[in-house]
Amino acid sequence: MPFRYFNNDMTNNKLEKLRHSTAHVMAQAVKRLYPETLVTIGPAIENGFYYDFDREEPFKPEDLQKIEKLMHEIVKENFPVVRSELNKEEALKFFEGKGEKYKKELITEIEDEEVSIYTQGEFADLCRGPHVGSTGDIKSFKLLSVAGSYWRGDENNKMLQRIYGIAFYSRKDLGEYLDRLEEAKKRDHRKLGKELDLFHVDEEIGSGLILWHPKGALVRTIIEDFWRKEHYKNGYQILYSPHIARAHLWETSEHLNFYKENMYSPMDIDGTDYIVKPMNCPFHIKIYNSRLRSYRELPFRWAELGTVYRYEKTGVLHGLLRVRGFTQDDAHIFCRSDQLPEEISKALDFTIFILRSFGFEEYQIYLSTKPDKFVGSEESWEKATTALKGALDKSGMAYEIDAGEGVFYGPKIDVKIKDSLGRAWQCSTIQVDFNLPERFKISYIGEDGQPHQPIMIHRALMGSLERFFGCLIEHFAGAFPTWLAPVQVRILTITDNHIKYAEEISEFLKKDGIRVELDSRNEKVGFKIREAQTSKIPYMLIIGDKEIKDKEVAVRKRKEKKTETMDSEDFLSKLNKEIISKK
RNA sequence: GCUGGCGUAGCUCAACUGGUAGAGCAGCUGAUUUGUAAUCAGCAGGUCAUGGGUUCAAAUCCCUUCGCCAGCUCCA
């Protein structure tokens, strides 16, 4: 059965309404249990709802049970949910009387003259609505977790207590949701990474620093080889650059100004400060600047699997998906302004090609436009944004515009992939940069014999190999397609008498580059099959007397769990066909 | 970094209100030579994350540090 990712339930307005109302019931329960608590905001979200409370004592997991119990009573009490409209002054007075200072703050900021209040029993909340007709309409819900959250999402503000929950119209839907949550946990890349012996993070080495075990490293090698081949095919050249550079370089690039919090402290080498690189771009620019460039040479498409190190706060580290040391599949394209639209379009097509090759069909695409603070001219922003938008439109992909969310140096396209729990992680990115060409004074000699400034595009297709691998593990639940599987075939013997023939088959496949393991242990086949199955190996070949007699192999597919007997040549050609198709 | 939860054998987990650590799997040894998801037996394996404190006595209570999980913030 195909795994369903958590989808955006917000499209379902009915559910959204229900969840929003459930949040109100939760707030009502909290106010009854802990009257000193102040209410703030409590919306429906993609996967449920939450409500933020201001209360000195944090909610304990046991408190959730109490709150949930009381919520059920409020549902039973079946209060009608009544909307009333007040002018702002009345509303202010109303909440001020209750000492609800957060609501007061919210009301002052509402632009309309009238605000709406929803009342159910003794509880009233400032709210735009809509809501269910009565608390009795709320049937199936569950409180899931508590967490801290800053008032208005600003870390300088007070930290509030947030309670998350989920609600559905039926018990069945709720049960299914909770089951799905359990299923999703099973495909967590951190769990699978351990079970399949792919990678680990070692406390003594440091948080956010990945150790790739042989099987994980093998998958990475396959990804990298594919990446290199496709880059050469697509007109890229590949570079290598060092891991550290003099602090002076990072002054020129201005990273020491605007990226300092993410950079590690300098190390002293013979009296000069050096810093570990958080980015590859300055190195590529230095290669560009190593000699005079002509307009005829452009565009340059320079790619590197460049390993960078960035300081990340401890609380944000997450398996392979958010780390401190990672390898970007980075590239910088230096082109003339007339080449910009085509280069962006090519980069976008290349991105989609790569993602599809790995089986990713669903992603979120964002176009981020000019922020308040920016460098470069209005018209170059305009031009670059048009080029990005043009490429997106041409590709026919659905995307969202993140107005004003671009970086100060240029507009960008980001592609995010969701993990098994529906959290989105940015992988691919295509960014136009008006800053670095200026900072490093890069130029080419134009047709007119005069120097011109080229446009620089940063792009990463997978983003980082670590994050991409993490997404890949979750996407396939560890069951990699044959072309990526670290072990493609495991040969299982039934008794020791079959080892010799099994070895012959193994050699035969290995000669053709197939990744084979031979399990000739003195164990029952059932046991060996079970192990191969839990190791998520795509093919098992079972060798016994029958196979030796008929000079065949019994093929058991990971997915199908039934065996088919065939000639080893046939098996190899089928296997190779599958590998080439990347299915 | 912040809020809350957590850290026991390689892995998954147990040990009532404090009485001095136990199981399954994995590993090793032996027996078994097996036909489609776990053959049997034995052995070995732990500074209970770390450092300190309280106590006659601490895995258990308190504090420190490190790490992990969820969320917040951040994410060129």
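Residue numbers begin at 1 in each chain, while the letters A, B, ... track the order of the sequences.
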When we call it a touch if two heavy atoms are under 4.0 Å apart, what does A:K60 touch: a base, just sugar-phosphate, or nothing? sugar-phosphate
Pick the P atom in B:A14 and in B:A23, then give their distance to the nearest Å. 16 Å
Check every strand shown and say whether A:V525 touches a base, only sugar-phosphate, or nothing at a heavy-atom separation below 4.0 Å. sugar-phosphate
Record whether the side chain of A:R322 comes under 3.5 Å of the base of B:C74 through a donor-acceptor pair of N or O atoms. yes
Students often get this wrong, so: under 4.0 angstrom with heavy atoms, is A:H458 touching a base, only sugar-phosphate, or nothing? nothing
Regarding A:R423, tell me which of base, sugar-phosphate or nothing describes its non-hydrogen contacts under 4.0 Å with the strands shown. sugar-phosphate
Taking only Lys NZ, Arg NE, NH1 and NH2, and the carboxylate oxygens of Asp or Glu, determine whether A:K158 and A:E56 approach each other closer than 4.0 Å. yes
Nearest-Å distance once atom C1' is located in both B:C16 and B:U12: 23 Å
Per atom distances to the A:R556 side chain, the nearest of B:A37, B:G35, B:U73 is B:A37
Value in whole Å for how far the P atom of B:U36 lies from CZ of A:F527: 16 Å
P gap between B:U3 and B:C43, integer Å: 50 Å
Between A:R152 and A:E109, does any NZ, NE, NH1 or NH2 come within less than 4.0 Å of an OD or OE carboxylate oxygen? yes
Distance in angstrom units between A:E312 CD and B:G67 C1', rounded: 17 Å
Between B:C69 atom P and A:K191 atom NZ, what is the distance in whole Å? 14 Å
A:R162 near the nucleic acid: base, sugar-phosphate alone, or nothing, with a heavy-atom cut-off under 4.0 Å? sugar-phosphate
Touch class at under 4.0 angstrom, heavy-atom based, for A:G544 against every strand present: base
With the threshold set at 4.0 Å, does a side-chain nitrogen-carboxylate oxygen contact exist between A:D188 and A:R190? yes
If you measure from the Lys or Arg side-chain nitrogens to the Asp or Glu carboxylate oxygens, is any gap between A:E517 and A:R490 under 4.0 Å? yes
Given B:U73, B:U36, B:A37, the nucleotide with the shortest approach to the side chain of A:R530: B:A37
Between B:C68 and A:R190, is there an OP1 or OP2 to side-chain N/O distance shorter than 4.0 Å? no
If you check the A:P58 side chain, which of B:G4, B:G35, B:C74 turns out closest? B:G4
Both distances below 3.5 Å, Watson-Crick or wobble geometry, any strand: find the nucleotide opposite B:C40. B:G30
Could you tell me which nucleotide pairs with B:G24 by Watson-Crick or G-U wobble geometry, both distances under 3.5 Å, or answer none if nothing does? B:C11
Assuming nearest nucleotide by heavy-atom distance, tell me which of A:L160 and A:T495 is located more 5' along RNA chain B. A:L160
Name the pairing partner of B:U17, where a pair is Watson-Crick or G-U wobble with both distances under 3.5 Å, or state none. none
Need the pair for B:U3. Rule: Watson-Crick or G-U wobble, both distances under 3.5 Å, any strand; none if unpaired. B:A70
At 4.0 Å (heavy atoms only), tell me whether A:G315 reaches a base, stays on the sugar-phosphate, or touches nothing. base
Across all strands shown, which nucleotide pairs with B:U65 by Watson-Crick or G-U wobble geometry, both distances under 3.5 Å? B:A49
I'd like the P distance from B:A41 over to B:C25, given in whole Å. 9 Å
Whole-Å distance, A:D188 CG to B:C68 P, equals 14 Å
Just by distance, no angles: are the side chains of A:K277 and A:S241 close enough, under 3.5 Å, to form a donor-acceptor pair? yes
Check: A:D433/A:N435 side-chain N/O donor and acceptor closer than 3.5 Å: no
With sugar-phosphate meaning primed atoms plus P, OP1 and OP2, does A:K194 contact a base, only sugar-phosphate, or nothing at under 4.0 Å between heavy atoms? sugar-phosphate
Euclidean distance for C1', B:U50 against B:A58 (whole angstrom): 16 Å
Integer-rounded Å distance: B:C72 C1' and A:D154 CG: 11 Å
Taking the nucleotide of RNA chain B with the closest heavy atom to each, which residue, A:Y150 or A:G208, is nearer the 5' end? A:Y150
Pairing partner (Watson-Crick or G-U wobble, both distances under 3.5 angstrom) of B:U60: none
May I ask you to say what A:Q328 touches in the nucleic acid, namely base, sugar-phosphate or nothing, with a heavy-atom cut-off under 4.0 Å? nothing
Say you pick atom P in B:A21 and the same atom in B:A37; how far apart are they, in whole Å? 42 Å
Side-chain atoms of A:M159 come closest, of B:G35, B:C72, B:U36, to B:C72
Pairwise C1' distance for B:A49 and B:G7, with rounding to whole Å: 6 Å
Quick one: sort the A:F469 and A:W212 rings into parallel, tilted or perpendicular, breaks at 30° and 60°. parallel
Nucleotide B:C28, atom C1' - distance to CZ of A:R521 in whole Å: 14 Å
Compare the minimum distances between each of B:U39, B:U73, B:C2 and the side chain of A:E523, then state the nucleotide with the smallest one. B:U39
Considering every strand and a 4.0 Å limit on heavy-atom distances, what is the contact class for A:E195: base, sugar-phosphate, or nothing? nothing
Salt bridge present between A:K389 and A:E400 (N-O < 4.0 angstrom): no
When you measure from the side-chain N and O atoms of A:S145 to the phosphate of B:G71, is any distance below 4.0 Å, counting only OP1 and OP2? no
Could you tell me which non-hydrogen atom of A:R558 sits nearest to which non-hydrogen atom of A:K536, and how far apart they are? NH1-O, 2.6 Å
Within the 4.0 Å heavy-atom criterion, would you say A:Y164 contacts the bases, only the backbone, or no part of the nucleic acid? sugar-phosphate
Can you figure out which of B:G35, B:G5, B:U36 approaches the side chain of A:D545 most closely? B:G35
Using a cut-off of 4.0 Å on non-hydrogen atoms, how would the nucleic acid contact of A:S207 be classed: base, sugar-phosphate, or nothing? sugar-phosphate
To the nearest angstrom, the NZ-P distance between A:K158 and B:G4 comes to 13 Å
Let's see if you can work this out: which of B:A37, B:G35, B:G5 has an atom nearest to the side-chain heavy atoms of A:P61? B:G5
So A:D433, base contact, sugar-phosphate only, or nothing? Heavy-atom distance under 4.0 Å. nothing
B:G10 and B:G51: how far apart are their C1' atoms, nearest whole angstrom? 26 Å
Can you check whether any acceptor in the base of B:G7 is under 3.5 Å from a donor in the side chain of A:E203, or vice versa? no
Starting at NE2 of A:H318 and ending at C1' of B:C75, how long is that distance when rounded to a whole Å? 15 Å
With a 3.5 Å cut-off and just heavy-atom distances, do the side chain of A:Y311 and the base of B:G1 make a donor-acceptor pair? no
Checking A:Y34 against A:E57: is there a side-chain donor and acceptor pair closer than 3.5 Å? no
Taking the side chain of A:D496 as its heavy atoms from C-beta onward, which of B:U33, B:C72, B:U36 lies nearest to it? B:U33
